[in-house]
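Every chain is numbered from 1 and lettered A, B, ... according to where its sequence line falls, protein lines coming before strand lines. Quantities reported herein were computed from a predicted structural model and do not represent experimental measurements.
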2 protein chains.
Amino acid sequence: MVQNQPRPRGRPRSYDPAVALDQARAAFWNTGYAATSLDDLSAATGLNRPSLYGAFGDKKALYLKALEKSRAETTAALAAAMAPDEHLRAALTRVYEAAAGLYMRGDLGPRGCFLIGTAVTEAVDDPEIRAVLAAALSEIDAAFEARIRRAMEVGNLPLSTDAAGMAKVATAVMNAMAVRARAGGDLASLRAMGAAVVDLICGRAGR
Amino acid sequence: MVQNQPRPRGRPRSYDPAVALDQARAAFWNTGYAATSLDDLSAATGLNRPSLYGAFGDKKALYLKALEKSRAETTAALAAAMAPDEHLRAALTRVYEAAAGLYMRGDLGPRGCFLIGTAVTEAVDDPEIRAVLAAALSEIDAAFEARIRRAMEVGNLPLSTDAAGMAKVATAVMNAMAVRARAGGDLASLRAMGAAVVDLICGRAGR
DNA sequence: CTTATTTTGTATCGAATGGTATGCAAGTCA
DNA sequence: TGACTTGCATACCATTCGATACAAAATAAG
């Protein structure tokens, strides 16, 4: 928290840039990057076009800010969820339950994960978007892999486990849950998918 | 093959609609539905706009035809790949190897699966696209599940196996491979992901 | 040949797009 | 108070968008 910051010189802005960014992201989230117009973004944020440009730059820059925010939030949330010392099964279950719940939210309908739902389409043609998406995926992989290695050290998983491969599968299920949410899948189906991969990773007996 | 069909009345069309549909799909595949303009489609197919309309209807109808074709091809290919009587491990390995190879192709760069790469973004706002995507996913699930059940009957998997859940995980990895391809992942990484889930499903020993 | 029928190419339509110039409003600083 | 600085709102710009009207071209039928 920055305190006692001297009031800037000119007219104060009438909105909170962080809030506006979230609102813009919500608009992108529903309809994707290409199909979301500046008018849509203006309506979603309450800012008119010139203010949007002043605050975030052009449409692409605004989208990249939203994308980067999602990447950071996802990585942070995942790290936090996997931190506690408990059984791997408990950690993974909590992660997938949380993901399923988050992915089913959305004003217009369940909209999954922002990265999967919007960046994947743009990634082929746009190197910047592709780079952020790749970074996010690799960070998610790393978080799962680190947690799996911890479980191996503690003896919850055999030492012969292919931690990297298993982590990729764990990430895959998270990504696929986001896909299913956008495809209209119900919460129970998402949860079942999470439970199934937890059983595969931790062994079904471990219940 | 329909033979001896009487030549239709008016001026013959100078293109093959099936080829044109594939070319249009290739354009959508790269940049997604919203970002692909009619000019792009016209350039990709060699048809001018009026001919596109005559052959396929408006942009949305053209996209839906491409989407439906992808759904049908995917389902058919999957059914064929899983038909032979062999070990589950062999069948799954072949499926993932084939998927990885297909997903890494693309004129502009690896572009994954058409359904995942283009329909997921549109699905929230468009019920028709969402329905095709949901149908495709559920058909893929069903194909995996049927194959897993066969393996259970033959004794390749324990009878206590959660076939439906396992099938969802199998689908998830296929979907995630498509995501990774668009995100710039290399072929080896895709193959590793496939191998990892095969090990998880069939047991690592079964090599 | 003429006529009927269908496709193709050009040219264009109105609307929506991303982006911006300009003047007014709301503050701080001296 | 008055100069200065910054954000806001209206109006506008050129371009691109999806879609179509219309006439020339190509073929079969009569």
Side-chain angles (χ1 to χ4, degrees), chain A residues 2-21 23-25 27-28 30-67 118 121-122 125-126 128-129, chain B residues 2-21 23-25 27-28 30-67 118 121-122 125-126 128-129:
Chain A
V2 183
Q3 199 78 2
N4 239 1
Q5 206 165 222
R7 205 70 162 316
R9 203 65 187 308
R11 174 175 175 172
R13 46 169 51 129
S14 62
Y15 59 91
D16 180 343
V19 171
L21 181 56
Q23 291 166 328
R25 178 171 60 171
F28 281 130
N30 284 330
T31 47
Y33 172 73
T36 305
S37 69
L38 285 179
D39 277 342
D40 295 332
L41 294 166
S42 184
T45 58
L47 309 194
N48 42 30
R49 244 113 26 111
S51 292
L52 275 178
Y53 275 82
F56 305 107
D58 65 6
K59 182 185 174 185
K60 174 81 175 298
L62 170 55
Y63 175 75
L64 281 173
K65 284 187 170 64
L67 192 64
T118 70
T121 296
E122 311 297 326
D125 204 33
D126 189 305
E128 291 183 90
I129 296 176
Chain B
V2 183
Q3 198 80 1
N4 238 359
Q5 207 166 221
R7 203 74 161 311
R9 201 71 184 308
R11 174 173 178 172
R13 46 169 53 128
S14 60
Y15 59 92
D16 180 344
V19 171
L21 180 56
Q23 291 166 328
R25 177 171 60 171
F28 281 131
N30 284 330
T31 47
Y33 172 73
T36 305
S37 68
L38 284 179
D39 277 343
D40 296 332
L41 294 167
S42 184
T45 57
L47 309 195
N48 43 28
R49 249 116 18 117
S51 292
L52 276 177
Y53 275 82
F56 305 107
D58 64 8
K59 181 185 175 185
K60 174 80 176 297
L62 170 54
Y63 175 75
L64 280 173
K65 284 187 171 65
L67 192 65
T118 70
T121 296
E122 310 298 327
D125 203 34
D126 189 306
E128 291 183 271
I129 296 177

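- Put simply, A:Ser14 has no side-chain N or O that comes within less than 4.0 Å of OP1 or OP2 on D:dG7.
- Here the nucleotide nearest the side chain of B:Arg49, chosen from C:dA11, D:dA24, D:dT6, is C:dA11.
- Taking 4.0 angstrom as the limit, A:Asn48 places none of its side-chain polar atoms (N or O) nearer than this to OP1 or OP2 of D:dC8.
- Distances from the side chain of B:Arg9 to the nucleotides D:dT5, C:dG19, D:dA29 place D:dA29 closest.
- Minimum atom distance to the side chain of A:Pro12 is reached by C:dG27, of the listed D:dG7, C:dT7, C:dG27.
- Set against C:dT20, C:dT17, D:dA26, the side chain of A:Pro50 has C:dT20 as its closest nucleotide.
- Remark: A:Ser51 is not in phosphate contact with D:dA9, judged by side-chain N or O atoms under 4.0 Å from OP1 or OP2.
- Nearest-nucleotide positions on DNA chain C for B:Arg11 and A:Arg11 put B:Arg11 closer to the 5' end.
- Cation-pi geometry between B:Lys59 and B:Tyr33 is met: the NZ or CZ atom falls under 6.0 Å from the ring centre, inside 45° of the normal.
- Between B:Tyr53 atom OH and B:Leu47 atom CG the span is 13.0 Å, to the nearest 0.5 Å.
- The distance from atom CG of A:Leu64 to atom CZ of A:Phe56, rounded to the nearest 0.5 Å, is 13.0 Å.
- Set against C:dG18, C:dT10, D:dA26, the side chain of A:Lys59 has C:dG18 as its closest nucleotide.
- Straight-line distance from the CG atom of A:Asp58 to the P atom of C:dT17: 16 Å, rounded to whole Å.
- At least one side-chain heavy atom of A:Leu41 sits less than 4.5 Å from a side-chain heavy atom of A:Thr36.
- Toward the 5' end of DNA chain D, the nearer of the two residues A:Gly46 and B:Ala35, judged by each one's closest nucleotide, is A:Gly46.
- In this structure, A:Tyr53 places its OH atom 17 Å from P of D:dA9, rounding to the nearest Å.
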